[in-house]
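Chain identifiers are assigned alphabetically (A, B, ...) following the order of the sequence lines, protein sequences preceding nucleic acid strands; residue numbering begins at 1 within each chain.
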Amino acid sequence: MLDFIARRLVSIIPVLAVVALFVFFMLRLTPGDPAAVIAGDNATSDQIADIREKLGLNLPIWQQFGIWLGNMLQGNFGESFFFKKTVSELIAQRLEPTLALSICTLILAVTTAVPLGVIAAYRQGSLLDRVVMGFSVLGFSMPSFVIGYCLIYVFAIELGWLPVQGYTRIGTDFWAFLERMVLPSVTLGIIYVALIARITRASILEVLNEDYIRTARAKGLSNRVVLMRHALRNAAVPILTVIGVGVALLIGGAIVTESVFGLPGLGRLTVEAVLSRDFPTIQAVILLFSVVYVVINLIIDISYTIFDPRIRY
Amino acid sequence: MSKGGMKRRTFGALTAGAVVAGSLPARAADKVLRFVQNGNMTILDPIWTTAYVTRTHGYFIYDTLFSMDANNEVKPQMVEKYEVSADKTLWTFHLRDGLAWHDGTPVTSEDCIPSIKRWGARDAMGLKLMDFIKEFKAVDAKTFTMQLKEPYGLVLESLGKPSSNVPFMMPKKIAETDPFKQIDSQMGSGPFIYVNAESKPGEKHVYVKNTKYKPRSEPPSGLSGGKVVKVERVEIIEMPDTQQQVNAIIAGEIDLIEQPPHDLIPIMKADKNVQMVDWNPLGQQFVYRMNHLQPPFNNPKIRQAALLCIEQEEYLKATVGEPQYYKVSSAAFIGGTPNAFDAPDGLFVKPNYEKAKALLKEAGYDGTPVVLMQSTTLAVLTNTAPVTKSQLEKGGFKVDMQSMDWQTLVTRRTKKDPPDKGGWNVFHTFTVAADILNPISNTYMVAQGDKSWFGWPTDPVIEKLRDSYAKETDPAKAKQLAKAVQDRAIETAQYGWIGQWYGPGAARKNIQGWLKAPVPVMWNVTKT
């Protein structure tokens, strides 16, 4: 197992190398000049050229890449072109809201979707099953910002139960933090719930036809025990897989959700950096997301061994 | 309280179960002003960047030697009094008593001189002023002189420039920072103090009242007069989503929005707790900028033909919509201001397509498509290019409109290449009216080839006129020179101006005192 983990961790390096190359060159080959953005609307060509030189953007592209790579290997992700902070500081500052949103969404999604999927499978063909599946199609089809605006309109503006936007750090005021996490987590979670519920239902349905389920029932075990201890556990592998794959959805969704709800997280930082062509920040954030995605999937792979002892690495 | 019966905190308490609502920390919101600007503020140096959000930040924490009042007249601010020698070359400035930096140390002449120099190294008006300056001298702690090589008619207009870049005064050590590098400190002498520890770019910027600030005794007027702060704290909340800004102000989570999009104004007007505030009566002007280096607009007759196609009201209807928020004005230096003159023959107001076609024929226009860059990500600009396309085509032009995001446009406009090799022929932008009130501050009037703004016009005649305007100390003669500059710009079709528009701010009804000025300033504002 340790070998497997070590091998997977080492395999992050080529992944990051490809991502780094791709992001670096793609940024510099697409239209947009951070120097022009920094200089402002009233700047002249000379002023822009001057800023380009100060930022090192007039160097040959390979040289820029070499400098960036060399710095990165020493743990220096550079300084943001705009914020006058190191990229590491910026990321550290924006990490909490994104982590909080992701964790809250994950908890909400898994605790909602898995039971829904199980019940839908158990009551296959019933009204409840159709409602759950219908909701799943709707949740997966609607863009998250539409869901967000609808929830804001109902719960924040009409009913006044929850805030429209903003973030309170967990250490500042836990209840205010929770209050501000409800709508964003539900917004982002709906898509995730839709996905997980569907896969859970399909997975459970497959397992419910197995002999050991029939045996468990024949032994007189209750439906709850049959479903939770035998069926769900054996259906866990595909469910875990979709949770892992869904991390990509979470990252993408966080970008939109943070912008809508004014959460000062990494998603919003990415949007701001892309719009202003803040190359060092974009590069570092995308690399970070890549690492997160790979590590999450490694954790998912490891967790298979807990649910299915037959799986060994 | 927002619509609906149940309070938010009650919902939180119910969800939590055992937690008593009273144990939740009370929001000390009464003296805190929450303000949303147009755009996020990432740079805090108002000399290094021309970004308007940073300029606004500058007005919180810095002060200026002079400032513009509500009648667009320049008045002393940090300066108590000033004298000009008989030959108009020696200016002596005396600072007011009681001026101090946020750390308590007094403001002195030794701070003001490098501050002016740093600003003068970056700003167009400042650069012009620096050309005329022979030397500065600190006479004593509160007095300094500025010796000019020859009389210059825009000394006060330069030092009292209202918008980017504003000649803010900074402590000597900070003012001596390379003008092409950002400053490290937010120390100023203004009515607010920036709270670094609580500010998080991308989230919010926090300012507290500078209790040691000594405002002038006069009532506030525009950017001048007494800057009396009537709240304890201002938070600039970064909120990029304009719909959310509207939702938040309706819900009472924020107090002011600098300039919401025009199409969302009816939603706020319908709410009994929100008012629209016309804080910037000068407004903005749309600009029509042509590339003088590439065909077809390298031909003055063809440029003139393009200007003949302009009908301002079409632009304003397509972008702003409501007539109460726009003004048709053929004045380059903003209608309703001292240098405003109407263009002749209804130019910019009534199109003359027949004359345009005749001019195109005379110029030998060969049908070269005009590459028109359309910005799609700045809401107020998006509809300008389609209007231009329609108008130019009526005038006999062939037009190739290319859509792109603003950052791409901003990059592409720096290119001097032919349009089919990544260059361009025409694009639109807008400018704050306060930035273009005279031929020197109006960057679009510069015609020095490569040193000009994008489009790179060259015209020694207009440059001579601008120089004469700068040197003229008689206001009446200066006004005539301003007219001559506008006339020349029309004659050579240097660029076009396609309408003035206004964007009111939004404020909760318990907010009063938002001053009419070219910049949204927060002194004098009260929150009850």
Side-chain angles (χ1 to χ4, degrees), chain A residues 30-51 54 80-85 90 93-94 97 145 149 152-153 155-167 173 175-176 178-179 182 259-264 268-269 271-272 275-278, chain B residues 1-13 15-16 19 24-25 40 42-44 49-51 122 124 164 180-182 184 200-204 237-241 243-244 247-248 250-251 253 377 404-405 407-408 410-414 416 429 431 435 443 450-454 456:
Chain A
T30 49
D33 182 358
V37 177
I38 290 166
D41 208 44
N42 294 330
T44 62
S45 308
D46 284 347
Q47 287 172 326
I48 294 171
D50 199 62
I51 292 171
K54 285 192 162 53
S80 161
F81 287 161
F82 296 87
F83 285 101
K84 211 174 183 310
K85 280 178 192 280
L90 263 181
Q93 197 182 358
R94 306 279 200 125
F145 67 89
Y149 283 139
I152 288 165
Y153 181 72
F155 293 102
I157 296 181
E158 287 298 317
L159 294 172
W161 287 358
L162 292 163
V164 166
Q165 54 78 45
Y167 179 75
D173 181 338
W175 296 115
L178 210 61
E179 199 181 44
V182 172
S259 296
V260 170
F261 287 95
L263 305 179
R268 243 181 79 187
L269 177 64
V271 172
E272 287 158 12
L275 288 177
S276 54
R277 309 296 198 268
D278 188 357
Chain B
M1 188 160 121
S2 51
K3 285 190 213 174
M6 215 168 176
K7 288 184 186 173
R8 289 207 300 270
R9 290 283 183 194
T10 309
F11 177 81
T15 309
V19 178
L24 296 170
N40 285 353
T42 52
I43 298 166
L44 298 178
T49 181
T50 56
R122 294 301 304 266
S164 297
F180 291 90
K181 284 199 168 115
Q182 289 189 54
D184 278 327
K200 291 178 175 53
E203 190 177 335
K204 67 178 174 184
I237 308 293
E238 312 257 70
M239 200 183 297
D241 189 310
Q243 179 63 60
Q244 276 294 72
N247 292 339
I250 288 172
E253 291 178 17
T377 50
M404 59 199 74
D405 71 302
Q407 304 311 345
T408 302
V410 151
T411 303
R412 192 166 165 182
R413 73 182 179 186
T414 65
K416 295 179 181 172
T429 185
T431 184
D435 282 341
T443 212
D450 280 351
K451 289 189 180 154
S452 309
W453 205 68
F454 312 105
W456 310 285

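Residue B:Ala248 comes nearest to A:Val164 through the heavy atom pair N-CG1, 3.8 Å, listed as atom of the first residue, atom of the second, then distance. When all heavy atoms of B:Gln244 and A:Phe261 are compared, the pair lying nearest together is NE2-CA, 3.9 Å. Residues B:Thr408 and A:Pro31 share a closest heavy-atom pair of CG2-CB, 3.2 Å. In terms of heavy atoms, B:Gly202 sits closest to A:Arg268 at O-NH2, 2.5 Å. Among all heavy-atom pairs drawn from B:Asp241 and A:Ser259, the shortest one is CB-O, 3.7 Å.
Per-residue heavy-atom pair counts under 4.5 Å with chain B were compared for A:Val271, A:Leu275, A:Asp278, and the maximum is reached by A:Leu275.
Between the side chains of A:Gln165 and B:Asn247, no donor-acceptor pair is found at a separation under 3.5 Å.
Interface remark: B:Arg412 contributes no atoms to any contact with chain A (heavy atom separation under 4.5 Å). With a 4.5 angstrom heavy-atom cutoff, A:Tyr149 touches chain B only via side-chain atoms.
More than 12 heavy atoms of other residues, nucleotides or ligands sit less than 6.0 Å from atom NZ of A:Lys54.
The existence of a salt bridge linking A:Arg277 and B:Asp405 is confirmed by a sub-4.0 Å separation between a basic side-chain nitrogen and an acidic carboxylate oxygen.
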Take B:Ile43 and A:Phe81, measure what side chain to side chain contact (heavy atoms under 4.5 Å, CB included) needs, and give me the verdict at the end.
-> CA-CA 9 Å; B:Ile43 298 166; A:Phe81 287 161; over 6 Å; no

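B:Gln407 places no side-chain N or O within 3.5 Å of a backbone atom of A:Ser276 that could act as its donor or acceptor partner.
In this structure, CZ in A:Arg94 is found 8.0 Å from CD in B:Glu203, a value given to the nearest 0.5 Å. To the nearest 0.5 Å, atoms CZ (B:Arg413) and CG (A:Asp33) are separated by 10.5 Å. Considering CZ of A:Phe145 and CD of B:Gln243, their distance stands at 11.5 Å, rounded to 0.5 Å. The OH atom of A:Tyr167 sits 12.5 Å away from atom NZ of B:Lys204, with the distance rounded to the nearest 0.5 Å. The line from CG of B:Leu44 to CZ of A:Phe82 is 13.5 Å long, rounded to the nearest 0.5 Å. Annotation: the span from B:Thr42 atom OG1 to A:Leu90 atom CG amounts to 10.0 Å, rounded to 0.5 Å.
Residues A:Pro163 and B:Glu253 are in side-chain contact: their nearest non-hydrogen atoms beyond the backbone lie under 4.5 Å apart.
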